[in-house]
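One structure is given here, and the rest of the page talks about it.
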Number of protein chains: 2
Amino acid sequence: MAESPETPSSPRESARHSVTLQDIAAHAGVSRSTVSLVLRGSSLVADTTRTRVQASIQALGYVYNRGAAALRASRTFTLGVVVYDIANPFFGAMVAGIDSVLHRENYVSFLANSEDSPQRQQRFLERMREQRVDGLLLCPAEGTDPALVSRLADWSLPCVQVLRHVGEPPFDYAGTDFELGVRQAVDHLVTCGHRRIVFLGGDAEHSATQARHRGYHEAMRAHGLDDVHRVIRGPVTRRAGFDAVQRLMQESPRPTAVICHNDLMALGAMLGLQRLGLTPGQDCAVIGTDDIEEAALSLPALSSVATHPYAIGEEAARLAMRRIADPDGTREQVILTPRLHVRDSCGPCTADATPPRRCTDVVDI
Amino acid sequence: MAESPETPSSPRESARHSVTLQDIAAHAGVSRSTVSLVLRGSSLVADTTRTRVQASIQALGYVYNRGAAALRASRTFTLGVVVYDIANPFFGAMVAGIDSVLHRENYVSFLANSEDSPQRQQRFLERMREQRVDGLLLCPAEGTDPALVSRLADWSLPCVQVLRHVGEPPFDYAGTDFELGVRQAVDHLVTCGHRRIVFLGGDAEHSATQARHRGYHEAMRAHGLDDVHRVIRGPVTRRAGFDAVQRLMQESPRPTAVICHNDLMALGAMLGLQRLGLTPGQDCAVIGTDDIEEAALSLPALSSVATHPYAIGEEAARLAMRRIADPDGTREQVILTPRLHVRDSCGPCTADATPPRRCTDVVDI
DNA sequence: CCTCAGATTTGGATCAATCCAAAAACGAGG
DNA sequence: CCTCGTTTTTGGATTGATCCAAATCTGAGG
């Protein structure tokens, strides 16, 4: 009847300090270490013991303390994710893809929005270091110091770059072959008889912009179209597409097709054509990049090079998991293959001397 | 010349174990405690000491260990954020708003996407508890157990509900007055002469859906339009809007206006009208909710009730900060006032006997 | 009954910080 | 030079888990 030290749990005690391994151990009549092993699903503990301990865990309403565990085990099951524009639907889809993989792997992620500012990005990275994240998914902000990646390596913080990349290979990277994407668009348009194809591109200097421009240049050259080859640089917004296409259509001879850096620009370009009383796909072909949901539903439906944001997110997260498990493994680059979805916004060329031929490429909804 | 214990730092040592308070203390010739005080910006330390310690911190490349600090101080500077559809642009904007406040407050956030599954949500919440987050921002998944909120309170985990809410007040909440938003839309349409106004709504049973329906019912009643009052329930997607409006326009007499649960539905509805050869804003008025970026750029430009996702995110984060600072303070509900942006998709009613009058309300770009 | 290998269990040290009561240093006044 | 009251600084305990080497338990074989 006397108070025995083996029965420490009183109803109010749980309020005083949270239940710990020690409490479970006392309740189940085993040691702290055994409880720890049960929690981590070790095969060392006997089945009867395991059951007893699990019952105590239930009974006392124990909550695992990951912070304490991480302190000793130096593994946090935590990942940092930096994007530069979370308000952009593309990143929403990408983050959803990341989340799906992390959920499976029992990881959680810190998310931050750099707003394309290297300073904000830097601050977040420092914070992530303090949090001792196991790894990092980084869409580098425009103007990121190329030395950053090697600095992260010095900190031995696994980092997977996503969509854009800076610094020298080898590094881990997940993205899309933007170069190929633009080439597909040019090839398709040329097949449809177009020659005066303009590229409406971005003015930033990161890898994703460069790759698109390279793709455009090379495809045009391959088709012997160096003479009509033309890039307009500027912001990659709806309005920029809207304005640029209207300026272009005043010219003579005017372009018969435009390829846009992303779908927002392309949708803007279509509106610009309509504003001039022209019909996209008839008077001027328009092809976008990303294939956001809106593309298939616009009028006319926008042809677009799909870049699969959800899949990129999944691949990036998978890569991070792999690098965390094997920090010294060889770096990997996962480059997804984009796919042109042909819809109504790019028809055969009717403006040029070239006899209009029927397009027979794949047509998607 | 003999190795003195006061100079412990050798170049390779930093690789062996990470630099700790102890190392800084030794380097600066003070105690662990003093270094800790400096790190936390305490006013107790003398200026000369502070400078010396800070120099040592720089010299040794020390990185604060938040995990260890949190273990003792039981404060993590960490917030959990659960949304149900991160791929939706609305949430992208909201998360950006949250992020901006947290960045200022030196907090970081764990983000998870419940995909509107209470199970996924539950699992994330448990994980957040294990991480000992200081608080929670929760957009409850459809079907969330109303008891959840009080359970969180039992765990003494501050929780701010966002956009939707479950359980019994008082609780912390940040959202928009959806009821008022719909009422504004109805009032405007009635002013323009419309009477047969249909509401295209959601089929879910959470607070945000209910509020919209209530707003519609009451506004219609206030205008004596009980007899023509009509709600269509279904998913809240582009396609649902597209389909529903086409079915409605087959009827006789047909509605002269539709108000939609969100902008995606409204954009779909406009496409549906165009598919039938009708002109939105002329043959049938369309008003959406949210005022996403796309709304102003569609053709015709969509009238929409702005719900300010970025601002909601900011308010929610601010509320969380307040509740963490004062856990027993009275709960607060921040309800933002929505604002109807009138554009081309809702003109005067031309179909009815009522003499069409000129709309003189505010017109926005 | 003893031995020994294999299966379980354990306690003490450790991770890197904060808390707190007490000690030390300091400066002014007697 | 000695108090006395601030201002600074300090060491030991504490937080809640994991690691690891050693202790204990088991059961089969001799």
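Residue numbers start from 1 in every chain, and the chains themselves are labelled A, B, ... in the order their sequence lines are given, proteins ahead of strands. Quick caveat: nothing in here was measured; it's all calculated off a predicted structure.
In this structure, the CZ atom of B:Arg75 is 18 Å from the P atom of D:dG16, given to the nearest Å. One atom, CD of A:Gln131, and another, P of C:dC15, lie 21 Å apart when rounded to the nearest Å. Between the CG atom of B:Leu71 and the P atom of D:dT14 there is a distance of 14 Å, rounded to whole Å. One can place CG of A:Leu21 at 19 Å from P of C:dC15, the figure rounded to the nearest angstrom. The distance from atom CZ of A:Arg132 to atom C1' of D:dA17 is 17 Å, rounded to the nearest whole Å. Note: CD (A:Gln22) to C1' (D:dA17) measures 11 Å, nearest angstrom. For the pair A:Tyr62 OH and D:dG16 C1', the interatomic distance rounds to 7 Å; values are reported in whole Å. Counting to the nearest Å, the C1' atom of D:dA17 and the OH atom of A:Tyr64 are 7 Å from each other.
The closest side-chain heavy-atom distance from A:Leu136 to A:Met128 is below 4.5 Å.
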Would you please test B:Glu126 and B:Arg129 for salt bridge (charged side-chain N to carboxylate O under 4.0 Å, His left out) and show each step?
CA-CA 5 Å; B:Glu126 269 154 25; B:Arg129 226 183 141 197; over 6 Å; no
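For A:Thr20, no side-chain nitrogen or oxygen approaches OP1 or OP2 of D:dT15 to under 4.0 Å. Distances shown here put every side-chain N or O of A:Arg72 at or beyond 4.0 Å from the OP1 or OP2 atom of C:dA16.
Ring geometry for A:Tyr84 versus A:Phe91: interplanar angle over 60°, hence perpendicular rather than tilted (30 to 60°).
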Enumerate the protein-to-nucleotides 5-12 of chain D contacts in which both atoms are nitrogen or oxygen and the separation is below 3.5 Å.
residue	atom	partner	partner atom	Å
D:dT9	OP1	B:Thr49	OG1	2.3
D:dT9	OP2	B:Ala46	N	3.1
D:dT10	OP2	B:Ser31	N	2.8
D:dT10	OP2	B:Ser31	OG	3.2
D:dT10	OP2	B:Thr34	OG1	2.8
D:dG11	N7	B:Ser33	OG	3.1
D:dG11	O6	B:Ser33	OG	2.5
D:dG12	N7	B:Arg32	NH2	3.3
D:dG12	O6	B:Arg32	NH2	3.0

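Remark: B:Asp154 does not engage B:Arg151 in a salt bridge, criterion side-chain N to carboxylate O under 4.0 Å.
Taking the ring centroids of A:Phe110 and A:Phe124, they lie at or beyond the 6.0 Å cut-off.
Scanning for side chain to side chain donor-acceptor pair (under 3.5 Å) contacts around A:Tyr173 gives an empty result, with sequence neighbours left out.
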